[in-house]
Protein chains: 2
Amino acid sequence: MTIADTLDALPTPALVLDEPRMLRNIARLRGRLDPLGVALRPHLKTVKSVEAARRLLTGGNGPAAVSTLKEAEAFAAAGVRDILYAVGIAPRKLERVLALRAAGCDLSVVLDSPGQAAAVADASRRTGDPIPVLIEIDCDGHRSGLRPDDPAAVAIGRVLEQGGAALRGVVTHAGESYGAVGADALAGFAEQERLAAVTAATALRAAGLPCPVVSVGSTPTAHFARDLTGVTEMRAGVFALFDLVMAGIGVCSLDDIALSVLTTVIGHRRDRGWIIVDAGWMALSRDRGTAAQAVDQGYGVVCDIDGRVLDGLIVTGVNQEHGIVARRPDSAAVLPDLPVGTLLRLLPNHACATAAQFDGFSVLPDDASQPMAHWPRFRGW
Amino acid sequence: MTIADTLDALPTPALVLDEPRMLRNIARLRGRLDPLGVALRPHLKTVKSVEAARRLLTGGNGPAAVSTLKEAEAFAAAGVRDILYAVGIAPRKLERVLALRAAGCDLSVVLDSPGQAAAVADASRRTGDPIPVLIEIDCDGHRSGLRPDDPAAVAIGRVLEQGGAALRGVVTHAGESYGAVGADALAGFAEQERLAAVTAATALRAAGLPCPVVSVGSTPTAHFARDLTGVTEMRAGVFALFDLVMAGIGVCSLDDIALSVLTTVIGHRRDRGWIIVDAGWMALSRDRGTAAQAVDQGYGVVCDIDGRVLDGLIVTGVNQEHGIVARRPDSAAVLPDLPVGTLLRLLPNHACATAAQFDGFSVLPDDASQPMAHWPRFRGW
């Protein structure tokens, strides 16, 4: 069996995961972090799959980060015991947090306000279970969190510690690094991320508060950090699959992208230079993360069935179930003859968003003679 | 019970469907089409829910259009017997088409090339089941289809009729009408759509070919067509729920939008005028359909728990599970005090895309004293 034979059995559109590439990507990040003495806490929001998580997590069940309580519940049920719910906690969600903890999962939460801290302390006191908390620090102004020198962090720490919860540390995420390009710029973001977390941790410790965990991370900074002094753990999610946004900022090459959408040619508009395929935004997502990059990849880069990039071809437009494949505006490539029925593979802008459109991965094995596995994904909240 | 009490029981983010608004929207379109003597074939790609489809379809099981074979299979299993699969057929999908037809569903397909026609004719001949086909006509250059005067339509019709398939008619969709604004512009698109379909039908009939069905439609043209002479059926999908894109082109008002995403405030960045909510792109989708409109609504318009629009507030940014609520750039509105835990409702840019992010609708009943229903949605292909 060739890859083409294997893929030919799938209905389209389908989400194809190249497992050997994924394993190589995981090994690459571990190879970087091990010498720096920093633990890896993979963010499972990208894969949302127990089978994929097994390959990402240290020992198969090691520390993890998640973006929803649904993920926490699914991975806890699969045996993952150390989970950081990395989105600011809403008091109304604490019952589910407590239930997971009561079932034996060391689930920790994130917050950045005294009001949230009081709610978490109340829940902890009421149940006698000190919920572990990481205070969110803002290192680049992109979203939530306290500035690293904000005295509110110490006040929040005291509310937690005196109220019955457990201050476990600080957490930050250099979300703006996705807009940087090249090793030096990314190393700069990594240092900014490290410094913000360490500054906040130092202030907490100086106030007599505990801060065992100093958690930083994003795929770009994880790959380009030069010094992680004071950091205890690194979070990253998309590193295992990669995508066009990551390739555009120089974190990976197109050959590292482990995710693609299998699609079938369903028509042509030869007068316009268009090839119509059966992957629209429902399959690819509406993510246009490369729009602001030096090379705008439209809704995805077009490859042949074997994963070889077809020179100059991208998805230039999408409707719900139609994609329009055409030459990139600056390309002089000749439009290849791709008859109706031809199978193509599309590399996505954003792995998290594209994968979320599917109920599972069709997994290409290392050995094309082996059958393809199906790894279910879950979703929801 | 008030609406707020009812919604307070839901985990967030959640997809809320206001059933009375939906029923009013459905009645509005039926009220327009009935005097014009045109049948309604609702496009079920927006709702992907059997319960919602019952309310959309004539008699509960009447003619329908779908965008995937998964939809066709789900609605056929629920008893819908006349389904148009409105995306160009790939020959590899014909086995599933035949299986549905063998199970008693009158499933028709769409195509625009002689190669597809030959494949459909072959499948029809092989099984003795003449698959009904609509030839796709392009009325505005937005996607697939033959130009209305393209002689290829007659050639395709002959391949079908002589090959054992059944030519049922022509189908077109004024996708570009989503970019028009106002009654006159939309009426212009409707006439262009009508004329394209009727021109192609006339050419087929002149060549001695059958063309019983002349199918047109999009929500804007369905609402603004002034004359539908020669048209036999109208397709529309988003008309039942509406969204900000439809409001922006003047097809509905904000008060007609039946879909919203329930979200919880999880933080603030008061220095930046930001309120952080737990609905990011995973809940809202990445659709930015209002970006090119006169009023850019960001990732959604912000309402209070009762559905009242909060003046000047939109979702200005999203990450996977975070939304940033802030004032619209041109707004002088004062940012209201919305403490952590406050429930809000977000009106979506694009109902099809936002609804697709959820596994079901939480349905607000007409009478707030009644319990909320849950209508499952399906997805995939």
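Quick note on labels: first sequence line is chain A, next is B, and so on, each numbered from 1.
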Under 4.5 Å heavy-atom distance to chain A, tell me which part of [X] shows up: side chain, backbone, both or neither.
X: Leu10(B); result: backbone
X: Arg272(B); result: side chain
X: Gln320(B); result: side chain
X: Asp8(B); result: both
X: Ala119(B); result: neither
X: Thr68(B); result: side chain
X: Arg143(B); result: both

As an exercise: rank Ile276(A), Val265(A), Asp287(A), Ile324(A) by heavy-atom pairs under 4.5 Å with chain B and give me the winner.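 Heavy-atom pair counts peak at Asp287(A).
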
Counting heavy-atom pairs closer than 4.5 Å to chain B, which one of Gly317(A), Gly141(A), Ser285(A) comes out on top?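 Sorted descending by pairs with chain B, the first entry is Gly141(A).
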
Atom pair CG/OG of Asn319(A) and Ser67(B) - distance to nearest 0.5 Å: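 Rounded to the nearest 0.5 Å, the CG-OG separation comes to 11.0 Å.
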
What's the spacing between Lys70(B) NZ and Asp359(A) CG if we round to 0.5 Å?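 Taking NZ in Lys70(B) and CG in Asp359(A), the distance rounds to 6.0 Å.
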
Taking all atoms of both residues into account, what is the closest heavy-atom pair of Thr264(A) and Arg92(B), and its distance?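 Closest approach of Thr264(A) to Arg92(B): OG1-CD, 3.5 Å.
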
Closest heavy-atom pair and its distance - Gln116(A), Ile266(B):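 Closest pair (atom of Gln116(A), atom of Ile266(B), distance): NE2-O, 3.1 Å.
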
Any heavy-atom pair between the side chains of Asp112(B) and His268(A) that's under 4.5 Å?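 The answer is no; the side chains never approach within 4.5 Å.
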
Quick one, Arg96(A) and Pro11(B) - any side-chain contact, counting heavy atoms below 4.5 Å?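 A side-chain contact exists here, since the closest heavy-atom pair is under 4.5 Å.
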
How would you list, in number order, the residues of residues 348-356 of chain A that have a heavy atom less than 4.5 Å from chain B?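 Against chain B, the residues of residues 348-356 of chain A that fall inside the cut-off (heavy atoms, under 4.5 Å) are His350(A), Cys352(A), Ala353(A), Ala356(A).
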
Contact origin within Ala14(A) toward chain B - heavy atom pairs under 4.5 Å: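 Contact with chain B is absent: no heavy atom of Ala14(A) under 4.5 Å.
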
Among Asp271(B), Asp138(B), Asp278(B), who wins on heavy-atom pairs under 4.5 Å with chain A?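 If we count pairs closer than 4.5 Å to chain A, Asp138(B) comes out on top.
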
May I ask you to name which of Arg288(B), Glu136(B), His142(B) has the most heavy-atom pairs under 4.5 Å with chain A?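 Maximum pair count with chain A is reached by His142(B).
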
Select all residues of residues 374-381 of chain B having any heavy atom within less than 4.5 Å of some heavy atom of chain A, and report them by number, or 'none'.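 If one takes a 4.5 Å heavy-atom cut-off, the residues of residues 374-381 of chain B near chain A are Arg379(B), Trp381(B).
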
I need the contact set between residues 144-153 of chain B and chain A: heavy-atom distance under 4.5 Å, sorted by residue number.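 Contacts with chain A: Ser144(B), Gly145(B), Arg147(B).
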
Output all residues satisfying salt bridge (Lys or Arg N to Asp or Glu O under 4.0 Å) with Glu71(B), sequence neighbours left out; order by chain, then residue number.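 Lys48(B).
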
